[in-house]
Amino acid sequence: MIEITNTQLFGKVIADALVKVDTNSTLNTWEKTRWINAISKAAVQIEDFSTFMTWQPEKGNTLLIWSSKSNEIYEANGVCQCQAYINGYPCWHRAAKKIVENYLKAAETSKPRITNPDSIPYLKPPSNYKPEKVGNIRI
């Protein structure tokens, strides 16, 4: 299952993908339109049906997508088994794979990192030092 927890970051990843397609001078107009449609459909599918998607980094960053329409499981990792890909067109499965991959990379790099955990007081190991008391007064 894919979990999109940062919707603002997810929106930025989608916007970046659309800009990348629009500024790609090697694509002609119909290819750009097809990729933009694929990215748009992928964004909706990720938002609405991410429970039917599984990210597999151990398999070369593959996105598994179950389709309720065809009852097929597609493996998107640069190639796909869907009709659009077989016919030589951009497919939303590959667009979804790239969006998920970019989102996960961006989410990982935006996490705060603790370089020295000993510098944070609440993460320090407890001390065995016990203050001595005489009556109710700490010495």
Side-chain angles (χ1 to χ4, degrees):
M1 179 169 95
I2 304 295
E3 288 188 59
I4 304 299
T5 56
N6 186 337
T7 55
Q8 186 176 8
L9 181 61
F10 183 65
K12 183 183 179 327
V13 168
I14 293 166
D16 290 347
L18 292 170
V19 167
K20 187 174 180 181
V21 167
D22 190 46
T23 58
N24 187 337
S25 60
T26 63
L27 297 176
N28 61 37
T29 304
W30 75 265
E31 289 172 312
K32 286 182 181 184
T33 301
R34 291 239 182 208
W35 273 116
I36 288 169
N37 290 340
I39 291 166
S40 300
K41 183 172 181 178
V44 170
Q45 293 292 323
I46 293 167
E47 287 179 333
D48 294 344
F49 303 106
S50 63
T51 53
F52 302 113
M53 298 179 188
T54 303
W55 182 249
Q56 295 187 319
E58 69 280 357
K59 284 189 152 188
N61 292 341
T62 297
L63 181 64
L64 296 178
I65 304 168
W66 175 69
S67 170
S68 61
K69 188 184 256 186
S70 66
N71 199 27
E72 297 284 333
I73 296 176
Y74 298 108
E75 282 188 45
N77 58 0
V79 296
C80 189
Q81 303 77 39
C82 72
Q83 270 318 124
Y85 181 78
I86 290 169
N87 292 329
Y89 298 117
C91 71
W92 75 264
H93 306 102
R94 292 186 300 147
K97 182 264 185 192
K98 197 63 178 168
I99 289 169
V100 168
E101 183 175 39
N102 290 343
Y103 172 79
L104 293 173
K105 280 182 191 175
E108 184 62 32
T109 58
S110 67
K111 285 183 183 175
R113 303 214 185 266
I114 300 171
T115 55
N116 182 7
D118 291 335
S119 67
I120 301 174
Y122 58 87
L123 291 180
K124 287 185 179 180
S127 171
N128 289 334
Y129 173 76
K130 303 239 188 240
E132 292 184 29
K133 288 186 175 181
V134 176
N136 289 336
I137 301 172
R138 187 185 282 180
I139 302 177

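Keep in mind that this is a model prediction, so the values were computed, not measured.
Following chains of ILVMFWY side-chain contacts shorter than 4.5 Å, one cannot reach Tyr85 starting from Val100, and the two form parts of different hydrophobic clusters. In the hydrophobic clustering of ILVMFWY residues, with side-chain heavy atoms under 4.5 Å counting as a link, Leu64 and Trp55 come out apart. Ile4 and Phe49 fall into different hydrophobic clusters, where Ile, Leu, Val, Met, Phe, Trp and Tyr residues are linked whenever their side-chain heavy atoms come under 4.5 Å apart, directly or through other members. By the rule that hydrophobic residues join a cluster once side-chain heavy atoms approach within less than 4.5 Å of another member, Ile46 and Tyr74 end up as members of separate clusters. Linking Ile, Leu, Val, Met, Phe, Trp and Tyr residues whenever their side-chain heavy atoms come within less than 4.5 Å leaves Phe52 and Ile99 in two separate clusters.
Of the inter-residue distances, the one linking Lys59 atom NZ with Thr54 atom OG1 reads 10.5 Å to the nearest 0.5 angstrom. Note that the CH2 atom of Trp35 and the SG atom of Cys91 stand 6.5 Å from one another [nearest 0.5 Å]. A distance of 12.5 Å separates CE in Met53 from CD1 in Ile73, rounded to the nearest 0.5 Å. Residue Ser67 holds its OG atom at 8.0 Å from CD of Gln45, rounded to the nearest 0.5 Å.
A donor-acceptor distance shorter than 3.5 angstrom exists from the side chain of Asn28 to the backbone of Trp30, with no hydrogens or angles considered. For the pair Ser50 (side chain) and Glu47 (backbone), a donor-acceptor distance under 3.5 Å is absent. Using modelled atom types, one side-chain atom of Asn87 and one backbone atom of Gln83 make a donor-acceptor pair closer than 3.5 Å. Using a distance-only test at 3.5 Å, with no hydrogens or angles considered, no donor-acceptor pair links the side chain of Glu108 to the main chain of Lys105.
In this structure, Ala42 and Ala96 approach most closely via the heavy-atom pair CB-N, 3.5 Å. Summarising the geometry of Ile86 relative to Gln81, their closest heavy-atom pair is CD1-O, 3.4 Å, with the distance given to 0.1 Å. Pairing each heavy atom of Ala43 with each of Ile14, the nearest pair is CB-CD1, 3.4 Å.
Among the candidates Lys97, Glu75, Arg94, the single residue satisfying the side-chain contact (heavy atoms from CB on, under 4.5 Å) test with Cys80 is Arg94. The only member of Asn37, Leu27, Thr23 that meets side-chain contact (heavy atoms from CB on, under 4.5 Å) when paired with Lys32 is Leu27.
In this structure, Ile2 and Leu63 have side chains that are in contact, with non-hydrogen atoms separated by less than 4.5 Å. When side chains are defined from C-beta on, Trp92 counts as touching Ile65, because their heavy atoms get closer than 4.5 Å. Using a 4.5 Å heavy-atom cutoff, the side chains of Trp66 and Asn71 are in contact.
Between Tyr103 and Phe10, the ring-plane angle classifies as perpendicular under the 30° and 60° cut-offs.
One finds no salt bridge joining Lys20 and Asp16 here, because no Lys/Arg side-chain nitrogen approaches an Asp/Glu carboxylate oxygen to under 4.0 Å.
Summarising the local packing, CD of Gln8 is surrounded by 12 or fewer heavy atoms from other residues, nucleotides or ligands at distances under 6.0 Å.
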(request) Could you give me the CA-CA distance, side-chain angles and deciding distance for Glu101 and Lys98, then say whether salt bridge (charged side-chain N to carboxylate O under 4.0 Å, His left out) is met? (result) CA-CA 5 Å; Glu101 183 175 39; Lys98 197 63 178 168; 3.3 Å; yes

